[in-house]
**Student:** 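If you scroll down you'll find the structure; I have some questions about it.
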Amino acid sequence: MGKISICLGIYTESFADSENSSAYLYKTAYKAIASFLYANPDFPFSFFFTGTVLEWLQKTHKEYLVIIEELISRKQVEILGGAYYNAILPLLPHIDRVGQIEYLNTFQRKVFKKRPKGAWLFTSAWENSMISSLTSGSMEYALLDYTLFASENEKKAYQPAITDDLGKSILILPSHSDLINIETSAESFFAQIAEKVPENTENANVCCFFSIEKLQKMLENRFFVQIAEYLKNNPDCNFELSLPYKSVKASVRPNKICIASGISRSAALWAQQPFVQVAKLNARKTTQDFLLLYPEILNLYSRMLYTSAMTNQCHGDKMRKKAAKQMIWQAQCGEVYNYLGKNGISNQFLRQKTYQTLIQTEKLAREAGNFSESIGSLDLNCDGIKEYVAQFDQYSAFLSKLGGSIYEFDAFECNHNFANLLCGNFQRKFFTDYLASEKEFEALCKGENLAAAPVLCQNLYNETKFDRIKKCVKLESDVRFGKNATIKILKEFKFTKDSVRVDYKMANTGDKPLVAWFVVENNFSFADNSEENLSADCSGETFLQKFSGKNAFCRQKEDIFYVRLNDLQNESCFTISSSNPAGFYSYPNYENQLYSATSAGLFWKASILPGQVFSRTITMYMKFSQAEKKLGKK
């Protein structure tokens, strides 16, 4: 066999949340690798830049792109294409796949005067229908994790291959990114390759792409300097550095393979248990497994498809429709639709940014069409159970029969989803209800994690009334509490332009008395909970008590009629009123040690005899761009 071709490269995702982090990445990684390559003209290297990274570089460091263009012109560097916003392509319609690929192609051709020929696929997410999308986007080959079509000891795991679907084919270059970690030395790297590649493998190729964060560490450890020195000192060794496209074209007869739907092994290890990396996979995993495993991913993905359909259906202002379509692509950024050990769906900033884009897109679609306030019913997440969407000038509310709660609440004035909370073992959104024992109630008041979800919040309701004219939905469910008590709960939502009213009726249908804590909880994802931004108070007939959003607060005495929460940054004010005096608790929630949301719960000690009915009415009033001045400010 000839020499083993080794293709090294990096892939980028969105820049960090802050400008300082982006500047640090540029200095320690992007600039450092370009300096090394410029000084070592015999060292080939490949880059995949997302469109957002290219935009940032063009805006802040045009000179860097000029250097990369020069490296491309001397055939030392290859630029890969793919989805402009690093989308998970199997999750998108064909038209959006091709649109994102061509959009990045156009941008790269403008910046580098060169069209990419190969595609980088985020998490190696694959299904056969992508072949048509990739070839329509002028891609000649794609990098794909070798585990999707070969085992580690097979020759075809180290050779270019070809796969086809419905008469169209594309070349595949197997990727072996797991061969390198931040501690790997050049000598151990070459030793691994020599050990793994089977003897007599023709056109042997090992392609290793790594993240920009890993690149930082590798540069610090002088990995690339070691590689260059090793090859210089061992001219007769069995290795050579190459570029992906050169390796693909060198293959006279690529392996014919069939690739089932899947994702890279490193990603699949996170798709079996929520937020846990398993040691061993029990089955092949696909992008759909993340949607099934994480409710927040499914909700966000369903919202994206709903907004995309809304955009495509509007007929009016073509310029607004085109702008809305562009924004949908931004909301398809694949980095939020998974969890790979960090960030992903667990990154509140990324979630909120995606929701913000979707809200802005819906605003454009409304302006492009003929919008009218309404309430609709449809199966958004394709689980066989219909959801409800209440659309008003000021807000949109998404209501689920599971728990009978509002799981998304979008304010159009500030482009903010106030129900953007990453839940634990049960959904905690707007109008989340609990029928709790004494022990469960104490935990709820303190914000402690519960081993299991209390009664009601995970209960599946049935629709008994849906009125489009009056904009109301009535839900009903039979519930068992404890060993003997049974109740029937009715929950009726009434939507108006500036309020959501919920009428509760609980009837004891058993022959035993029911004694439990009834809690109605709203979880608000405010901008932050600092005293400068979030002001809050609760009041009864004769008092008004302020409380801090930074600390836990609880008033056990059932004497509160109103709770007011004021988010100054989003210029939004929420007032929750109760038909009967209630107790109240509030505390902040944190994700990865960063503020996520504020829980606000009204509660009552319910004692219901057989045949009796317990009723309450909770109304949430909203004001946007009219937030009151900070309470207590002198």
**Student:** Distance-only, no hydrogens or angles: does the T509 side chain make a donor-acceptor pair with backbone N or O of T486 under 3.5 Å?
**Tutor:** yes
**Student:** Apply the ring-ring contact (aromatic ring centres under 6.0 Å, His included) test between F409 and each candidate in F392, F418, Y395; give the one that qualifies.
**Tutor:** Y395
**Student:** Output yes when E362 and R303 qualify as a salt bridge under the 4.0 Å nitrogen-oxygen rule, no when they do not.
**Tutor:** yes
**Student:** Only one of F493, F466, F398 clears side-chain contact (heavy atoms from CB on, under 4.5 Å) with Y388; which?
**Tutor:** F466
**Student:** Parallel, tilted or perpendicular for Y339 and Y294, by the 30°/60° rule?
**Tutor:** tilted
**Student:** Could you name each residue pair satisfying ring-ring contact (aromatic ring centres under 6.0 Å, His included) that touches residues 519-538, not counting sequence neighbours?
**Tutor:** F430-F524, F524-F526, F524-F574
**Student:** For K488, is there an ion pair with D478 - N to carboxylate O distance below 4.0 angstrom?
**Tutor:** yes
**Student:** How would you list, by chain and number, every residue that makes a side chain to side chain donor-acceptor pair (under 3.5 Å) with T619, sequence neighbours excluded?
**Tutor:** none
**Student:** Do the side chains of R501 and D503 get nearer than 4.5 Å, heavy atoms only?
**Tutor:** yes
**Student:** Please determine whether a side-chain nitrogen of the Lys or Arg among R616 and E558 lies less than 4.0 Å from a carboxylate oxygen of the Asp or Glu.
**Tutor:** no
**Student:** Less than 4.0 angstrom from a charged side-chain N to a carboxylate O is my criterion; do E591 and R351 meet it?
**Tutor:** yes
**Student:** What I'd like to find out is whether the side chain of M327 reaches to under 4.5 Å of the side chain of K363, using heavy atoms alone.
**Tutor:** no
